[in-house]
Amino acid sequence: MDTRRILLVEDEAQTRSVVQAYLDREGYWVTAVGDGAAALDAFEHRSYDAIVLDLNLPEVSGEEVCRRVRDVSDVPIIMLTAKGAEEERIAGLDLGADDYLVKPFSPRELVARLRALLRRAHAESEPQRSRVTYGPLEIDLAGHRVWLDGAEVDLTASEYKLLVTLSRYPGRVYSRMELVERVLGYDFEGYERAIDSHVKNLRAKLGDDPKEPRFIQTVFGVGYRFEAQAPTL
Ligand code: CA
């Protein structure tokens, strides 16, 4: 029985009750609220293992809730966004949301994503490993070295940082802007193209075919994610 506590923030009553029913059935302990102010209030008074957050909320917006939560906590956040609102999704990821679902979504998919996020959050709290292996790819985090099929790959500092950032949470989508901040360390829109160049170079060094990459996947219109090749834990 999973008694992890989920904060569900959704102003549409029907969506809220359907999602709540699914989460209840999974054995989660769910607090469901209908607006951003109630979400922040709930968050202040209790700790949660994850937050499912609608982006379009009356008064205090989902973005604002996300920002305020991120100021103080790394709790996993899944954003629920309107169909076609690509800008919103990117904004959500830039604000530090871990994942997003586009409405209308399947509650079963939400449950699956939530489960994955909680697993990831759990792995994150375990001691850092100094060497990670993803199939043919090996990264020595202490020595800052990378091998592919046993042969050392010569990466620039930015390429290495990009690889480590993406591969730390396989499957997590990173927006270009987020990668700019994490890899290049500054925050300026014009540098998003620089990330594309680094990805291109990194792919070339990892033998990734841009059309069918093994490791660095393009998330169209958003950014990139790392595909773990049979991770050895
Ligand atoms: Ca809404």
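Note that ligands are numbered from 1 as they come in the structure, with each ligand's atoms numbered from 1 the same way. Heavy-atom basis, side chains included; hydrogens, waters and symmetry copies ignored.
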**Q.** Electrostatic pair Arg108:Glu26 at N-O distance under 4.0 angstrom
**A.** no

(Q) Among Val9, Leu117, Leu110, exactly one meets side-chain contact (heavy atoms from CB on, under 4.5 Å) together with Val52. Which residue is that? (A) Leu110

Q.
If the cut-off is 3.0 Å, does any N/O/S atom of Asp54 fall short of it from the Ca ion (ligand 1)?
A. yes

Q: Look at the N, O or S atoms of Thr15, main chain and side chain alike, and state whether any lies under 3.0 Å from the Ca ion (ligand 1).
A: no

Q. Restricting to N, O or S atoms of Asp11, which is nearest to the Ca ion (ligand 1)?
A. OD1

(Q) Which atom name does Glu12 have for its N/O/S atom nearest to the Ca ion (ligand 1)? (A) OE2

Q. About how many Å separate CG of Asn56 and CG of Leu80, when rounded to the nearest 0.5 Å?
A. 10.0 Å

Q | Rounded distance (nearest 0.5 Å) linking atom CD1 of Ile216 with atom OH of Tyr174 | A | 11.0 Å

